[in-house]
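In what follows, chains carry the letters A, B, and so on, assigned in the order in which the sequence lines appear, proteins first and then strands, with residues in each chain numbered from 1. What you see is a predicted model, and the numbers here were worked out from it, not measured in a lab.
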2 protein chains.
Amino acid sequence: MQSFIDISRGLRNPADLEALLQSITKEMGFDHFALMQHVDLTPFEKELGHMVTGQLIGLSDYPENWINQYIDDNIVAYDPVLLASQRTNVGFAWSQLDQLIDLKRPHFEQLERGRQAGIGDGFTVPSNVPGEANGSCNFVVKAGRELPAKELMMAQLVGSYAFEAGRSIITHAKTNIVEKTQLSPRQIECIALVGRGKTDWEISRILGIAESTVKDYINDAKARYNVVKRVQMVIRAIYDGHLPLSELLR
Amino acid sequence: MQSFIDISRGLRNPADLEALLQSITKEMGFDHFALMQHVDLTPFEKELGHMVTGQLIGLSDYPENWINQYIDDNIVAYDPVLLASQRTNVGFAWSQLDQLIDLKRPHFEQLERGRQAGIGDGFTVPSNVPGEANGSCNFVVKAGRELPAKELMMAQLVGSYAFEAGRSIITHAKTNIVEKTQLSPRQIECIALVGRGKTDWEISRILGIAESTVKDYINDAKARYNVVKRVQMVIRAIYDGHLPLSELLR
DNA sequence: GTCAACCCCCCCTTTTGGGGGGATTGTTGA
DNA sequence: TCAACAATCCCCCCAAAAGGGGGGGTTGAC
């Protein structure tokens, strides 16, 4: 395991990472792997098959027809596995999907289509870095086979470090450190209240200040984020970690 | 390790998780741990010291005066460790902080203040779940001691699963599974565009339909979510998993 | 003495929220 | 097979809220 981490850290080439992942996937008793970011692919080039420097992470040894179907049908938009991977930070077996999300008919149909393409059960390690596309490293067995229960912990580690290796291959080529936008405490309070659907007047009553002041804070925050609408401002504040989504639902 | 995971999964009580973490922290050769979400606390209650059901994750056996200082000075807003933990998805030693973020003077000062309070080097496992506050599980040694290099992989696993255990204690305590509101595909498109800051008129041009129709979809979606403002609608749609946060930032 | 955070007021346009009224499809289940 | 229903569209009106300018001021930290 330690040697996998050390090797993966030194990689500078997607193909090397792919080969490394392929061998460790077999070693752990899985049949296929897929390391990917969950981006609705339609607006982009159809590049899931390999990694493009400075762009998206996407490596996999899934059967080719499944990869093509995945791209053509834009399955990334509703794959239950990927939805579930946005609900946790540790790996999960696909057989436990229903504990993470509410499985509806299209989800079952999707899993069934996978089985017909040879994709059976799987273990998915989520990889979510704020400000980047959500991603996951998926290890799967052929339909009919069982997951190698004893290797799941290993898969958890491999998945995390593999994804990080992918990120680092990309970001080494790119160097884009985005500074977290600074907001004043008062501004964060206003944004939180905006997120809860309050009007400026209501916020002014809650904070005990003038409506015009509330407008000032919000306008300044929008300017800092370089956006024009308060919806965008709230989204950005969530992404930045200034607000937890759960605070806004109360 | 496997037994830690199994036990942590069964926990329903913050105190039990705290005890479990405390013992495994020592076992791995660390001196302290801190499991927390990185929420700017000033606008909210000051509750870092323990876990509040349905609210934030926060457990730690740091020296008490350090916890207090942490809260009082709202260190969470600029702690370099927490900033760095939002730049990766795998654990990192604090001595490698400079590979993740640009360390400025206030950051060095913060690390120095930590050392004076007995907090030396550390290993931090990030835990970022989209839509929730960013979090981390931190394992630290007293100033002057070395990190237990051989246990870092273990710490990576323990950190991930411990955080997940914390999340599940909270979410299990919350009113359980909320039915995901059904939205039509066209509505989701509109909501996504609203989230990107488009006006109704712009959305109508993008989708090639009348502005009034866009209004209809949005009004209907707000009604389904039982909210009045479009900000709330977008937030709810994100929480539901109808939209990934990353889609809205493009 | 500069700067950021905090606070307040004005004006005007555009966008939104919240009603009302229609129509056409395709699916679904009694 | 036919009624019910959900999804897709379109139009009207009006009041409230947000967006985008401008102009002030105090305080405390560096």
Side-chain angles (χ1 to χ4, degrees), chain A residues 78 104-106 109 179-237 242, chain B residues 40 42-43 72-74 77-78 104-110 179-237 242:
Chain A
Y78 58 90
K104 290 274 158 55
R105 224 181 66 189
E109 288 169 0
E179 274 295 315
K180 179 170 167 176
T181 300
Q182 290 294 320
L183 296 173
S184 76
R186 221 48 172 160
Q187 280 181 309
I188 294 174
E189 288 183 90
C190 284
I191 296 173
L193 291 164
V194 167
R196 291 195 208 168
K198 308 293 183 202
T199 68
D200 293 352
W201 183 85
E202 289 170 324
I203 296 171
S204 78
R205 293 308 91 186
I206 293 167
L207 299 181
I209 57 180
E211 188 182 344
S212 59
T213 310
V214 175
K215 277 183 194 296
D216 284 345
Y217 288 139
I218 292 170
N219 282 333
D220 183 50
K222 284 188 299 184
R224 290 188 197 197
Y225 279 127
N226 203 22
V227 298
V228 286
K229 297 264 166 199
R230 46 187 63 201
V231 196
Q232 295 172 288
M233 172 191 70
V234 172
I235 306 261
R236 298 291 300 273
H242 283 302
Chain B
D40 192 335
T42 36
D72 293 341
D73 299 351
N74 198 31
Y78 58 89
K104 295 270 161 58
R105 221 182 70 190
H107 300 143
F108 287 115
E109 288 169 359
Q110 169 56 25
E179 259 301 303
K180 181 169 167 174
T181 300
Q182 290 295 318
L183 294 173
S184 76
R186 220 49 170 160
Q187 279 182 309
I188 294 174
E189 287 184 89
C190 285
I191 296 173
L193 290 164
V194 168
R196 290 194 210 169
K198 308 294 183 200
T199 68
D200 294 351
W201 182 85
E202 288 171 323
I203 296 170
S204 77
R205 294 306 92 187
I206 292 168
L207 299 181
I209 57 181
E211 190 182 342
S212 60
T213 309
V214 175
K215 276 180 193 294
D216 284 346
Y217 288 139
I218 292 171
N219 282 333
D220 183 51
K222 283 188 299 183
R224 291 187 195 197
Y225 279 127
N226 202 23
V227 298
V228 285
K229 296 265 166 198
R230 50 185 63 202
V231 195
Q232 295 171 289
M233 172 190 70
V234 171
I235 306 262
R236 298 292 300 273
H242 279 124

Which heavy-atom pair separates A:A237 from A:I191 by the least distance, and what is that distance?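 Result for this residue pair: CB-CG2, 3.8 Å.
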Grab the two heavy atoms, one from B:S204 and one from B:A210, that are nearest each other, plus how far apart they are.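 B:S204 and B:A210 have their closest heavy atoms at CB-C, 3.7 Å.
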Roughly how far, to the nearest 0.5 Å, is CG of A:L183 from NE2 of A:H242?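 Between A:H242 NE2 and A:L183 CG, I get 4.0 Å after rounding to 0.5 Å.
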Distance, nearest 0.5 Å, that separates NZ of A:K198 from CZ of A:R205: 14.0 Å
What residue pairs, at least two apart or across chains, pass side-chain hydrogen bond (donor to acceptor under 3.5 Å, both in side chains) with a residue in residues 206-216 of chain B?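 Counting only pairs at least two positions apart or across chains, no side-chain hydrogen bond (donor to acceptor under 3.5 Å, both in side chains) contact touches residues 206-216 of chain B.
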Which protein N or O atoms sit under 3.5 Å from an N or O of nucleotides 3-5 of chain C?
unit_1: C:dA5; atom_1: OP2; unit_2: A:R224; atom_2: NH2; d: 2.8

Whole angstroms only, please: what is the [atom1]-[atom2] distance between [X] and [N]?
X: B:N226; N: C:dG17; atom1: CG; atom2: C1'; answer: 15 Å
X: B:E202; N: C:dT15; atom1: CD; atom2: C1'; answer: 11 Å
X: B:I191; N: D:dA7; atom1: CD1; atom2: P; answer: 12 Å
X: B:E211; N: D:dC12; atom1: CD; atom2: P; answer: 11 Å
X: B:W201; N: C:dT13; atom1: CH2; atom2: C1'; answer: 16 Å
X: B:I188; N: D:dA7; atom1: CD1; atom2: P; answer: 10 Å

Tell me if a side-chain donor or acceptor on B:Q232 pairs with a main-chain N or O of B:V227 at a distance below 3.5 Å. no
Protein heavy-atom contacts under 4.0 Å, written 5' to 3' over nucleotides 19-26 of chain D as B (base), S (sugar-phosphate only) or - (none), form the string SS------
Which residues pass the side-chain contact (heavy atoms from CB on, under 4.5 Å) test with B:L207, not counting sequence neighbours?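 So B:L207 forms a side-chain contact (heavy atoms from CB on, under 4.5 Å) with B:R186, B:E189, B:C190, B:L193, B:I203, B:I209.
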Could you list the residues that satisfy side-chain contact (heavy atoms from CB on, under 4.5 Å) with B:A223, not counting sequence neighbours? none
In short, salt bridge (charged side-chain N to carboxylate O under 4.0 Å, His left out) pairs touching residues 219-232 of chain B with sequence neighbours left out are B:D200-B:R230, B:D220-B:R224
Bending between helix ends of the helix from C:dG1-D:dC30 to C:dA30-D:dT1 [5 pairs per end, 10° resolution]: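 So the angle between the two local helix axes works out to 60°.
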Give one of base, sugar-phosphate or nothing for A:S212, where a contact means two heavy atoms less than 4.0 Å apart. base
What I'd like to find out is whether the side chain of B:I218 reaches to under 4.5 Å of the side chain of B:M233, using heavy atoms alone. yes
If only side-chain N and O atoms of A:T213 are considered, is one of them under 4.0 Å from the OP1 or OP2 phosphate oxygen of C:dC8?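 Yes, such a contact exists.
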Can you sort out the partners of A:Y225 under side chain to side chain donor-acceptor pair (under 3.5 Å), two or more places apart, ordered by chain and number?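 A:Y225: side chain to side chain donor-acceptor pair (under 3.5 Å) contacts with A:D240.
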